[in-house]
Each structure stands twice: as C-alpha cells, then as structure tokens.
Amino acid sequence: MEKTPARFILHYVKIFKWSFFLIGFLVIFRQITEAIGPWYLAKIYETVSAAPKGNIPWQQLFVYALWLATIMLAGMIVAESAMFIIARFMPKMRTMVIKDTFEDVNRQSISFFSREMTGNISGKVQLLSNNTIDLTGSCHEIFYMVSNLIVKTIVLSWISWYFGVLMVFWTIAVVLISRKLGKTRRQLGIETGRKTSAANGTIVDALANYSEIKSFANFNFEKINLLKSLRQLRHAESKERYVMGIIRMIQQTVTVCSGVGFLFVSIYMLKEDIINVTDFIYANTLFMTVSHLAFSLSWSYNNIARIFGNLTSALETLAVDPEITDAPNAKTLKIRKAAIQFKNVTFGYGACEPLFKNLSLEILPQEKVGLVGLSGSGKSTFVKLISRYYDINDGTISINGHDIRNVTQNSLHKNISVIPQDVCLFNRTLMENIRYGDTDADEKMVIAAAKKAYADNFIQGFPDKYQTKVGDRGVILSGGERQRIAIARAILKNAPILIFDEATSALDSQSERHIQKSLSNLMKGKTVLAIAHRLSTLREMDRILVFDKGRIIESGSHEELLAQKGLYFKLYNMQADGFVRG
C-alpha cells in the first residue's frame, strides 16, 4: 500500500485513467460553451441598447438567442453525460479500495493487531475508502473550475491583453492565499481524523466486551471513558470549523473586492476606448463567474486539504510494512508428516530481554508433545514461533528441513491446525464456521467432522440446526460448545501439525470424557503440541516439556517426570491436592 495520500490516489487514477480522460474532455467542452455563450448575451444587450426606439432588429436578436440557447444546451448535455461515467466507475473504485485495504491489513503480522484496536482499524478502513471517493469528486470539481478559469482567461486576453495580465496576477494571488489557508486546514483535518478514529475505537472496544461491562457493572465508567474521547473529538472539530469560518470570510472578502476592482478597471478601459460596450458587458459577465469560481476553487482546495488530512491519518495506521513477509523466492510447504526442529533459537519481544536463548529441540514426525509450565514461562510463545507469528532473532526453526522463513506463510498455516483456549467464531452459521477448516468441504463432510467432535448432538438441538447463526464471536454457544466447533473445524482441516492450547479447559468433566476419544483419533498420524495446565490431560503424550523462564528444564513422559520429582512433580501434586496454578 502506498504510504502518502498523493501516491495512494494516483494508483487508482491510473487504473481508471480512460474514464478520467473522457470526463476531462467533456468538462473542457463544457467550459468552451460557457465561455462563448455570454458573448451572444452581450451582443443582445448591445443590439438592444444601440437600436433606435421602435426599430429593434428582432430577427438579429432571435439569431443571437438561438445560438445562445444551442450552445448552452449542448454544454449542459455534455456536462450531465459526465455524471453517467462517474456513476459507473466511482462504485468500482470504492469497492477496489476496500478490497485492497482489506488484503493489506490481513497481510499484517499479529503484532499489528496487538498494537491497534479493532475499532480503530475498521474506522481507518472506512475513512480511507470514503475520503478516496470524496477526493476524486473534489478533484473533478477542481478540474472543472481550473479549466473554466483557463478558458475564460484566454477569452479575456483575446478581448484585451490588459485583462489577461490582470487575470494572471489575480490568479496567482488567489492561489497563494488558498495554499496558505489550506495548509492550516489540512493540519486541523489530520487531528480531527485521529480523534474520530480514537472515538470509534473506544465505541467498538466497549461493544465487543459488553458482557464484561455488564458483569462488572461498569457502564458509567465506560461512558466516562467514551466522553473523554468525544470531548477531545469535539474540541478538535470545533477548532477546525472555527478556522473554516475565518477562511470562508477571507475568501468572500477577496471575491467581493476582486469583482469591484475588475469593474472599475473595465469602466476605465471603456472610458479610454480600449474596449467597446460589447467587450465591457462580455468581460464583466465572464469575470463575475470567474470570481465566484475562484472562491469555490479555493474552498474546494481547502476541502481537499481536509481530505488529505484524513487520508494521512488513515495511512499512518494502515500503510505500514508488515513485520513478517514472505521471502522473495519462498516455496510452498507440502508435507504429510511433520518433523519440527529448533536450532539455537533466540527470541524476545521487541526490546525486551530475550525469552529464549540458544534453544535447540527436535520433535519427531507424529510425536505427541505436551507443554507445561507456569504462566509466562514461554509455552504459548513456543507454538506461536512455529506458526511464524513472530520472527526469531537468531537461529532457525524448520519443518522437515525447510526453514519456515523460506516457505510462504499461507502454506505454513495450511499445515497447522490450532485449537485455542479462547475460540473465536464468525457471526455466521454453524455450518459455515465448521466449514472454515476446509472451504471446499461438502455438507456431509462438515456433519461427519461435527460428529467426531461430539458437536452434532447439541447442534441438532437448535431449531435451525447447522444453519443456526452463532452471533458475534459465537455468543449463543457455551465455552465448551465453542471449543467443540473448533475441534470439528480442525478435524475438517486435517493438517499434519496440531496445536492444542488448553483445548479442553472450557469443557466440563462429562464433555471432556466424550471428546477425549475423538481427540485421540484426531491426533493419529499427526505431530501434536498440547499446552495444558490440567496435567492429567497429558498422560497420553509421548513426551512432556516443562518450561521455566524460557528454558526447557525437564523432558520426558508423564511417569518419568513424576519420578524426577522436579517442577512437574510439584505442579501435579498441587493439582491432585485441589490447588491449581496458572
């Protein structure tokens, strides 16, 4: 994604260049007709004023009027036809901007979504698409006005070179004034855009966590939090509108003074016989439209400055380079059985002290490995590095000998199924959520996966069965039901690497017994990494790794670790006595 508003807009202008060229041609044709029309009007005035009483040349007047009507009608038809072209390509441009931005945002690393609120990202996407269309429309208006100004300046120069010189100096003065005012407007527009996105982010963040707000009875706290954001937005917008009022007053003053000044100059030229009556009427009629046009032009320029401010605000958030990208010659990872190797891996979050230092480990194909340790010991980071959610500082992580930095992220993730502790479901049907594991799966395959995950029974209890919508993040389902949907999704995906992050933690004892067998079947023939605080669930693991402060301090089977009487033995006995630590 382009990082500056000008380049961002130019990218889409190039795509629709022929539409813009055609609109430009039609606009210039309209300007020519608008410049010629007043000449016939001036001739009508001169003919009437010069004709003796009772001897008005009606035939000549009708000819002038007919030409005037023909020219103005042709200009109107051409101008309005441009709107049909705009109506055709503008919606295409909007959808293209949203699609491209969506793709760019989804290429971001997981750290991007950790830094930015979802509501803020969503608001910036909307801000980008809306202001791209607004800018395109404003540029069309400016082109219309600039071409009008150029054509009428040429016509005024044809009437008298005095008018031409006057128009050049006048135009330069208006441009300089507009540029100065636009700079101020743009800075205020950037600030207003930031405050708007912050307020939107606060609203979305609150709505996404409404259950927490209710459970803690903190509605008033959230309202005060929102009011703080809205107060900052109100101050920023009030300041912007106040400055807009001053700008408008300056522009109106310049417009009126310009019209009066041009009138006095043309009167002097008429007095000195530099121009005739027709030229006097024609020139003043043209300048009246131009002076008003210049006001509209400067206002549109300031509006563009505001839009550029909004685009800059949006691109500051969205147009950032992903921290993790595919190598130039990255290959597609295709495997059936997965061996995972960590070789001298060093990793730390940002500028923090490295969590892993020279970590080396090998996991064999189809080996089932449990990960145990206190909170913050490195278990979750370990599995995130396998999925390449973060890049390591040093060393290599490989799957079947392929450095994961040399394969495409998409193919890497296709070979890994993750069943997290906090399952996220889309606000779609149960059928669509399970099918997300394999979007090409038919209905029979989806139902079969649901049965293996012991999800079919509760799904059949809904009136709409598999067509039941689960609500935002699966709100209509219990925690255990959501995890069974996640397990069904993983069964359908059938990836060679399985990662369980407390996959059964939200299940009651009865539900857990129901799916343990299905999980055992799911794990057959696959390389499994299972994070668990409930140590009894790891009995069937081939090997258990005990993490402590980024180090693997113990390794072995369940029985071997108990015999060592180390940290695993301590944690297991604490749970057996009824104490559970995080």
Side-chain angles (χ1 to χ4, degrees), residues 337-347 355-387 395-400 416-421 487 490 496-505 507 509 512-513 515-582:
K337 298 178 181 179
I340 303 170
Q341 183 182 42
F342 279 59
K343 187 175 181 181
N344 300 323
V345 171
T346 299
F347 173 77
L355 177 63
F356 298 137
K357 295 179 181 178
N358 297 317
L359 176 65
S360 295
L361 174 72
E362 186 171 355
I363 298 173
L364 301 176
Q366 303 181 21
E367 186 178 13
K368 301 170 183 60
V369 179
L371 309 179
V372 176
L374 299 173
S375 294
S377 59
K379 307 181 299 296
S380 295
T381 301
F382 181 82
V383 295
K384 286 177 181 177
L385 292 180
I386 295 173
S387 297
T396 58
I397 300 175
S398 59
I399 297 177
N400 287 7
I416 301 174
S417 288
V418 180
I419 302 177
Q421 182 177 5
I487 292 169
I497 299 174
L498 286 175
I499 295 176
F500 298 99
D501 188 355
E502 292 287 352
T504 61
S505 64
L507 302 178
S509 299
E512 183 178 358
R513 284 195 299 271
I515 68 169
Q516 280 297 341
K517 186 176 180 180
S518 65
L519 285 177
S520 298
N521 293 331
L522 171 63
M523 291 188 291
K524 285 181 180 178
K526 294 177 172 54
T527 303
V528 178
L529 293 99
I531 299 174
H533 289 108
R534 194 185 299 177
L535 303 185
S536 59
T537 61
L538 300 178
R539 289 177 179 273
E540 295 185 11
M541 296 293 110
D542 299 322
R543 182 165 39 137
I544 298 172
L545 305 177
V546 183
F547 284 78
D548 183 38
K549 297 179 181 179
R551 296 180 302 115
I552 299 175
I553 60 172
E554 297 174 21
S555 176
S557 66
H558 173 72
E559 290 76 13
E560 290 170 346
L561 292 179
L562 289 178
Q564 291 178 21
K565 296 188 176 181
L567 179 59
Y568 184 85
F569 175 80
K570 180 180 178 182
L571 293 174
Y572 185 81
N573 283 335
M574 289 173 66
Q575 289 188 10
D577 291 337
F579 297 98
V580 179
R581 290 188 180 181

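Nothing here was measured: the structure is a model prediction, and the numbers come from that model.
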Closest heavy-atom contact between [X] and [Y]?
X	Y	result
L355	G378	CD2-CA, 3.8 Å
I386	I416	O-CD1, 3.9 Å
V372	K379	C-CD, 3.5 Å

Listed by chain and number, what are the side-chain hydrogen bond (donor to acceptor under 3.5 Å, both in side chains) partners of N400, not counting sequence neighbours? none
Do [X] and [Y] make a side-chain contact, defined as non-hydrogen atoms from C-beta onward lying under 4.5 Å apart?
X	Y	result
L385	F356	yes
I497	I399	yes
T346	N358	yes
L571	L374	yes

With rounding to the nearest 0.5 Å, note down the distance linking [atom1] in [X] to [atom2] in [Y].
X	Y	atom1	atom2	answer
L364	D542	CG	CG	9.0 Å
I340	L361	CD1	CG	9.0 Å
I487	L498	CD1	CG	10.5 Å
E362	Q341	CD	CD	5.0 Å
M541	F500	CE	CZ	7.5 Å

Holding to side-chain contact (heavy atoms from CB on, under 4.5 Å), I want the full list of residues that pass it with [X], two or more places apart in sequence or in another chain.
X	value
Q366	K337
K343	T396
S380	D501, I531

Is a side-chain donor or acceptor of S360 paired with a backbone partner of N344 at a separation under 3.5 angstrom? yes
Could you list the donor-acceptor pairs under 3.5 angstrom formed by side chains in residues 544-556, with sequence neighbours left out?
{"residue": "E554", "atom": "OE1", "partner": "Y568", "partner atom": "N", "Å": "3.4"}
{"residue": "E554", "atom": "OE2", "partner": "L567", "partner atom": "N", "Å": "2.5"}

Who are the salt bridge (charged side-chain N to carboxylate O under 4.0 Å, His left out) partners of E367, not counting sequence neighbours? R543
List the steps, then state whether side-chain contact (heavy atoms from CB on, under 4.5 Å) holds for L529 with F382. CA-CA 10 Å; L529 293 99; F382 181 82; 3.5 Å; yes
